Amino acid sequence: MIKAYVVGIESLYEGEDIEIRYSIYKEDELIGRESFYEDYKKPILVTQLAIQKTLKELAKFKQEKIELIINDGSTYSLLEETSMPKNQEAIKLAKVTRRKLKQFNNLTLVNVSADHRQIEEWDSKITF
């Protein structure tokens, strides 16, 4: 099984770069890790962009079972269509992100934001 831990770190000020990090593990062995910066995006979009960037890296593992692990309840709700923001840009990007997620047959999106133990594990895997 592949586990991918993802985070999009928004900037505090408009115009500053955002940071995207992901760590990919196969059977608890680190097989990929990256941290890079992108141009400023609105905070509501950052996690979705991080997911999309990570999916590009996960494309080579499409045939395997994948867990994509995030710590962002609002993005998870948006992608699961259990809540909708008023921001039209976020809604449009969510449609694109959902379409990209559906290209993976064995992918599960996991939100750890409600479980303290899972947050600690997520943080230890994504911090480098």
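Values in this document were obtained by computation on a predicted structure and should not be read as measured data.
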At what distance, to the nearest 0.5 angstrom, does [atom1] of [X] lie from [atom2] of [Y]?
{"X": "Lys65", "Y": "Phe104", "atom1": "NZ", "atom2": "CZ", "result": "15.5 Å"}
{"X": "Asn111", "Y": "Gln118", "atom1": "CG", "atom2": "CD", "result": "9.0 Å"}
{"X": "Ile66", "Y": "Leu107", "atom1": "CD1", "atom2": "CG", "result": "5.5 Å"}
{"X": "Leu101", "Y": "Ile51", "atom1": "CG", "atom2": "CD1", "result": "6.5 Å"}
{"X": "Ile18", "Y": "Leu45", "atom1": "CD1", "atom2": "CG", "result": "8.5 Å"}
{"X": "Glu80", "Y": "Thr75", "atom1": "CD", "atom2": "OG1", "result": "11.5 Å"}

Task: Minimal non-hydrogen separation, Gly8 against Val46, with atom names - done: C-CG1, 3.3 Å
TODO: Measure across Ser113 and Ile119 and return the closest heavy-atom pair with its distance rounded to 0.1 Å.
DONE: O-CD1, 3.5 Å
Is any side-chain heavy atom of [X] less than 4.5 Å from a side-chain heavy atom of [Y]?
{"X": "Phe36", "Y": "Glu19", "value": "no"}
{"X": "Lys3", "Y": "Ile69", "value": "yes"}
{"X": "Asn71", "Y": "Val6", "value": "no"}

- [ ] Using salt bridge (charged side-chain N to carboxylate O under 4.0 Å, His left out) as the criterion, list what pairs up with Glu89, not counting sequence neighbours.
- [x] Lys42
Task: salt bridge (charged side-chain N to carboxylate O under 4.0 Å, His left out) partners for Lys26, two or more places apart - done: Glu64
Open item on the list: Test side-chain contact (heavy atoms from CB on, under 4.5 Å) on Thr54 and Leu68; report intermediate values, then the result.
Closed with: CA-CA 9 Å; Thr54 305; Leu68 186 61; 4.0 Å; yes
- [ ] Name all residues meeting the side-chain hydrogen bond (donor to acceptor under 3.5 Å, both in side chains) criterion together with Tyr25; count only those two or more places apart in sequence or in a different chain, and write none if there are none.
- [x] Arg33
Open item on the list: Quick check on Tyr37: does its OH atom have over 12 non-hydrogen neighbours (other residues, nucleotides or ligands) under 6.0 Å away?
Closed with: no
- [ ] Please indicate whether Lys62 has more than 12 foreign heavy atoms, meaning atoms of other residues, nucleotides or ligands, lying under 6.0 Å from its NZ.
- [x] yes
If hydrophobic clusters are built by linking Ile, Leu, Val, Met, Phe, Trp and Tyr wherever their side-chain heavy atoms come under 4.5 Å apart, do [X] and [Y] end up in the same one?
{"X": "Leu55", "Y": "Tyr76", "result": "yes"}
{"X": "Val7", "Y": "Leu49", "result": "no"}
{"X": "Val110", "Y": "Tyr22", "result": "no"}

Open item on the list: Quick one, Ile31 with Phe61, criterion side-chain contact (heavy atoms from CB on, under 4.5 Å). Give me CA distance, side-chain angles, the key distance, then yes/no.
Closed with: CA-CA 11 Å; Ile31 59 172; Phe61 303 107; 3.4 Å; yes
Open item on the list: Is there a side-chain contact (heavy atoms from CB on, under 4.5 Å) between Ile70 and Val112? Walk through the geometry before answering.
Closed with: CA-CA 6 Å; Ile70 62 172; Val112 298; over 6 Å; no
Open item on the list: Considering only residues two or more places apart or on different chains, which pairs with a residue in residues 95-108 satisfy side-chain hydrogen bond (donor to acceptor under 3.5 Å, both in side chains)?
Closed with: Gln48-Thr97, Gln52-Thr97
Open item on the list: For residues 5-16, which residue pairs pass the side-chain hydrogen bond (donor to acceptor under 3.5 Å, both in side chains) check, not counting sequence neighbours?
Closed with: Tyr5-Glu121
Task: Residues clustering with Met84 (ILVMFWY side chains joined when closer than 4.5 Å, directly or via others) - done: Leu78, Ile91
Open item on the list: Taking Thr47's backbone N and O only, do any of them form a donor-acceptor pair with Asp72's side chain (distance below 3.5 Å, no angle check)?
Closed with: no
Open item on the list: If we ignore hydrogens and angles and just use 3.5 Å, is the side chain of Glu38 paired with the main-chain N or O of Ile20 as donor and acceptor?
Closed with: no
- [ ] Could you check Leu30 against Ile24 for side-chain contact (heavy atoms from CB on, under 4.5 Å), going step by step and ending with a plain yes or no?
- [x] CA-CA 6 Å; Leu30 181 65; Ile24 301 172; 5.9 Å; no
